[in-house]
Amino acid sequence: MTDMSKSAESPKSSLARLLPLAAIGLAAVFGAIYLRDYLSFEALQQNREALIAFRDANFLLTALVFVTAYVMIVAFSLPGATIATLTGGFLFATFPGALFNVTGATLGATVIFLAARWGLGAKLGAKLQASDGKIKAIKDGIDENQWSMLFLIRLVPAVPFFVANLLPAFLDVPLRRFVISTFFGIIPGAVVYTSVGAGLGEVFARGETPDLGIIFEPHILLPILGLAVLAALPIAIKALRGGKAL
């Protein structure tokens, strides 16, 4: 009787585990349709004076609301993450703006990570562990080099932020490692875009738009890629010593 009740509850339990991911997906669709105009550079430009006035009168409240909004944008994959980063620089300067941006992004990424791991991570991780051949070799290679791989996917600009939040959840990465590597791994890019946001006052005065491609300028991109190489170095050394390859 007990076994029958457990088997009957299993589909419901599996469905319940998918609810957080489904909520994130629905919120992302809703945001893409209805919030894009509100989380845009034009909206920031039009409301800049009101935002500055509110910040000057309520600095701590503004910081709290900003970080909370950033968490929601990242956690629910809403449009405007780049604009939010620029806004952090515009309102709070490069520092503490970069700290607020990194904190909000890390907390939002953690929400996605936990939702994915709770919904699919355990089951998918078990399947990968039980698999054979190349898939199992890749899984083992990542397990042996988790810190390096986590920092690598954060530092390489080609890896989408959303993907970098999901992959660790499917590979049984501990929460502590995910949070630490996310926080420190996104600092270089966050500082660059926050500094761009800190100069938005002059950009608005000239009636221009910010250069978001600045991160691909050699003097910015090369140091970030250098950090990525340092993150990958332990993997390469281990592969050379042990004859292993990911």
Side-chain angles (χ1 to χ4, degrees), residues 20 23-113 115 154 157 159-165 182-183 185-217 220-221 224:
I24 290 174
L26 288 174
V29 173
F30 177 86
I33 296 173
Y34 296 105
L35 298 179
R36 186 172 298 277
D37 292 338
Y38 297 97
L39 301 172
S40 64
F41 177 76
E42 289 74 18
L44 174 60
Q45 187 176 27
Q46 293 170 5
N47 296 282
R48 63 186 186 279
E49 294 181 0
L51 289 172
I52 290 175
F54 186 82
R55 178 208 61 192
D56 291 343
N58 309 274
F59 185 86
L60 292 179
L61 178 60
T62 303
L64 179 61
V65 171
F66 173 78
V67 173
T68 302
Y70 206 128
V71 172
M72 299 294 289
I73 288 172
V74 174
F76 292 100
S77 300
L78 301 177
T82 301
I83 297 303
T85 306
L86 295 176
T87 303
F90 176 67
L91 291 176
F92 308 108
T94 303
F95 187 85
L99 177 62
F100 295 158
N101 285 333
V102 171
T103 300
T106 301
L107 292 175
T110 302
V111 172
I112 295 179
F113 171 82
R154 290 301 182 189
V159 179
F161 192 70
F162 185 79
V163 174
N165 296 333
T182 298
F183 185 89
I186 64 177
I187 284 178
V191 170
V192 171
Y193 281 119
T194 305
S195 64
V196 173
L200 279 183
E202 297 178 1
V203 174
F204 289 144
R206 295 193 301 266
E208 300 175 352
T209 56
D211 179 15
L212 300 183
I214 188 174
I215 198 169
F216 296 106
E217 293 289 332
I220 299 293
L221 182 61
I224 293 178

| task | I would like to know whether T103 and L107 meet side chain to side chain contact (heavy atoms under 4.5 Å, CB included); could you show each step before the answer? | result | CA-CA 6 Å; T103 300; L107 292 175; 4.0 Å; yes
| query | Can you tell me how far CZ of F41 sits from OG1 of T87, rounded to the nearest 0.5 angstrom? | reply | 9.5 Å
| field | Pairwise distance CG(N101) to CZ(F92) - rounded to 0.5 angstrom | value | 9.0 Å
| request: State the CD-CD1 distance between Q45 and I83, to the nearest 0.5 angstrom. | output: 10.5 Å
| message | On a heavy-atom basis, which atom in A190 and which in V102 lie closest, and how many Å separate them? | response | CB-CG2, 3.6 Å
| For L39 against P79, the heavy-atom pair lying closest together | CD1-O, 2.9 Å
| said: Taking side-chain contact (heavy atoms from CB on, under 4.5 Å) as the criterion, tell me which of V203, L86, T82 meets it with V196. | reply: L86
| said: Taking the six-membered ring of F204 as reference, does the cationic atom of R48 (NZ for Lys, CZ for Arg) lie under 6.0 Å from its centre and within 45° of its axis? | reply: yes
| Point-to-point distance, once rounded to the nearest 0.5 Å, from CD1 of I187 to CZ of F183 | 5.0 Å
| query | Residues in side chain to side chain donor-acceptor pair (under 3.5 Å) with T106, at least two apart? | reply | none
| query | Tell me, do F113 and T182 make a side-chain contact under 4.5 Å, heavy atoms counted? | reply | no
| remark: Between A164 and R154, the two heavy atoms sitting closest are CB-NH1, 3.4 Å
| task | Look up atom CG in L91 and atom CZ in F54, then write down how far apart they are to the nearest 0.5 Å. | result | 10.5 Å
| query | Taking all atoms of both residues into account, what is the closest heavy-atom pair of A109 and F161, and its distance? | reply | CB-CZ, 4.0 Å
| request: Name all residues meeting the ring-ring contact (aromatic ring centres under 6.0 Å, His included) criterion together with Y34; count only those two or more places apart in sequence or in a different chain, and write none if there are none. | output: F30
| request: Identify the heavy atoms of A93 and T194 that sit nearest to each other, and give their distance. | output: O-CG2, 3.7 Å
| note | Taken to the nearest 0.5 Å, the spacing of D56 CG from L51 CG works out to 11.0 Å
Please list, one pair per line, the donor and acceptor atoms closer than 3.5 Å that link side chains of residues 61-77 to other protein atoms, with sequence neighbours excluded.
from: T62; atom 1: OG1; to: N58; atom 2: O; distance (Å): 2.6
from: T68; atom 1: OG1; to: L64; atom 2: O; distance (Å): 2.8
from: Y70; atom 1: OH; to: T85; atom 2: OG1; distance (Å): 2.6

